[in-house]
There are 2 protein chains.
Amino acid sequence: MTPERQQQGQPTPALLFDTLNAHQRTEAIKSAIELGLFSVIPEGKTTAKEIAQACDASERGTRILCDYLVIIGFLTKQNDHYGLTPDSAVFLDKHSPAYMGGVIDFILSPTVTNNFKQLTAAVKKGGTASDEETALEPNHPMWVKFARAMAPMMAMPARQLAPLVDPEANQKLKILDIAAGHGLYGLAFAKRNPKAEIVAVDWPNVLEVAKENAQAAGVSDRYQTKPGSAFDVDYGTGYDIVLLTNFLHHFDMATCEALLHKVHAALNDGASSARITPRLPDSSVGLRTQG
Amino acid sequence: MTPERQQQGQPTPALLFDTLNAHQRTEAIKSAIELGLFSVIPEGKTTAKEIAQACDASERGTRILCDYLVIIGFLTKQNDHYGLTPDSAVFLDKHSPAYMGGVIDFILSPTVTNNFKQLTAAVKKGGTASDEETALEPNHPMWVKFARAMAPMMAMPARQLAPLVDPEANQKLKILDIAAGHGLYGLAFAKRNPKAEIVAVDWPNVLEVAKENAQAAGVSDRYQTKPGSAFDVDYGTGYDIVLLTNFLHHFDMATCEALLHKVHAALNDGASSARITPRLPDSSVGLRTQG
């Protein structure tokens, strides 16, 4: 019975304790990913002893962690043999093409989690209470980490977005990818459409990651970069498509509106209108000329 | 739809992300308790602005935190007015006799949470990776914090245990309360039965808390203490009841067996047998002579 369900009856402290101890779930999945538990089990190491040896860990610690992972839904257990759940097999086994374990390098990095350690101060202030330079400073190293760690998580939405915006994939297109990060959104277009040319905007340190990914995708010859702030850099003009993905949620409404004016001005003159699908605050926005 | 339910269908990263971000739930409830949100709402401060003013916080931060608390099940929201859920009203409003918010002083203290920050190292080692002195050192200050912070959580089980072990509450009883902590288990007997005399064993710094609670309960004249380790201190003999609550889970089986022999030897000579109900590892053990 989940705490949510218990709540329907008499008052119980179950949801409260589940929430007070929720941080333990995070630490458990983080440790399991760090130890590589989910990658040795499909190699046939299925007992606590075998997993411990393969992960260079103690048997006792491994058994306790694995049992907890069974309880919170990431492993199965039968007769002392642990197994992966369908989700774990797809997302947590390093052999899987959809492996996402690396996201912990970003979403559980001190840069991110330290802000939550000061949440009470942040609520009092109405903004971050961190002393660190903000994530919006030029060349903040967290965005390089983001570009590297979050790429596996963004591969699927990027693959799904391109055919929606460019279904034919046979026309010459000039595409602006703003705050490109890992570059996967723009690269998904370039890989499908051999006539697509990408111009990526981001901080220079982040664009190095995007260029690596462009090279790996074999489309470097159609991949240009414009280093700088999305708010300051000269985009140029004549774009058929502007990609503005996972970006607007960082800013207030007035800032977003000003940016969208700038984006619109960069679109192809032949555009009769722009198709905009903003979803705030968790925004993936695709702009495309109709023509 | 809970992540657990989503798991029954196609693989999704929902459970993974819910778990990776679970630490945010812990920080949110901790901040809400620290700010006293749940105590000002029943006083009629129900909008973000009113709550913010009463908690000396920003309206923006308060609104965002309250909305999140609605999502994770601790508040209700209708037309910009927040309300307590039945659980929050009972356990998180400081006006409630069952208020438990103070438990964060122990279960979310750095002494406890820092161990989880080093979980991967602990799994490798097979035990705590902390450099701090262990919780089993004499006079460790964490047990004073425990005794103060966790008392509200233990009040209910203590109240429920006493009538099970001493239903008549009218006979002279000598009761040994081992690792008494806040003292609430023994005190529950003393409050019901005016002929019950308690002997509490714990570290001297912890027994100060138990003595405070004995005084508050008006039973100091029937409350003695034996400072020291439960393993070393001379219990004396002739006890009718020995309380050994929430203790055995700290130790291995051999240590528990040796302790239970010592406990048994302290019981009343007239005892024909001892009624033992051990539940390992989350143990509340009641020993009582049948006589």
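Residue numbers begin at 1 in each chain, while the letters A, B, ... track the order of the sequences.
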Study note, to complete from the structure: If you tally heavy-atom pairs under 4.5 Å between each of B/Q118, B/K30, B/Q24 and chain A, the highest tally belongs to B/Q24
Return yes when atom [atom1] of [X] has more than 12 non-hydrogen atoms of other residues, nucleotides or ligands closer than 6.0 Å, and no otherwise.
X: A/K45; atom1: NZ; answer: no
X: B/D80; atom1: CG; answer: no
X: A/K125; atom1: NZ; answer: yes

Which distance, rounded to the nearest 0.5 Å, do you find between the [atom1] of [X] and the [atom2] of [Y]?
X: A/I107; Y: B/L20; atom1: CD1; atom2: CG; result: 4.5 Å
X: B/I29; Y: A/L119; atom1: CD1; atom2: CG; result: 11.0 Å
X: A/R25; Y: B/T19; atom1: CZ; atom2: OG1; result: 6.5 Å
X: A/N21; Y: B/T113; atom1: CG; atom2: OG1; result: 11.0 Å

Review point. Chain A heavy atoms under 4.5 Å from B/V103: which part of the residue, side chain, backbone, both or neither?
Key: side chain
Review point. Going by heavy atoms in the side chains, are A/D87 and B/L16 under 4.5 Å from each other?
Key: no
**Study point:** Close approach to chain A in residues 50-65 of chain B, criterion heavy atom under 4.5 Å
**Key:** B/C55, B/D56, B/A57, B/S58, B/R60, B/G61, B/T62, B/L65
Study note, to complete from the structure: Of all heavy-atom pairs linking B/T120 and A/S31, the shortest is OG1-OG, 2.8 Å
Check your understanding: For A/K117, which residues count as a salt bridge (Lys or Arg N to Asp or Glu O under 4.0 Å) partner, sequence neighbours excluded?
Key -> B/E27
Review point. Which bit of A/L108 comes within less than 4.5 Å of chain B, counting heavy atoms only: side chain, backbone, both or neither?
Key: side chain
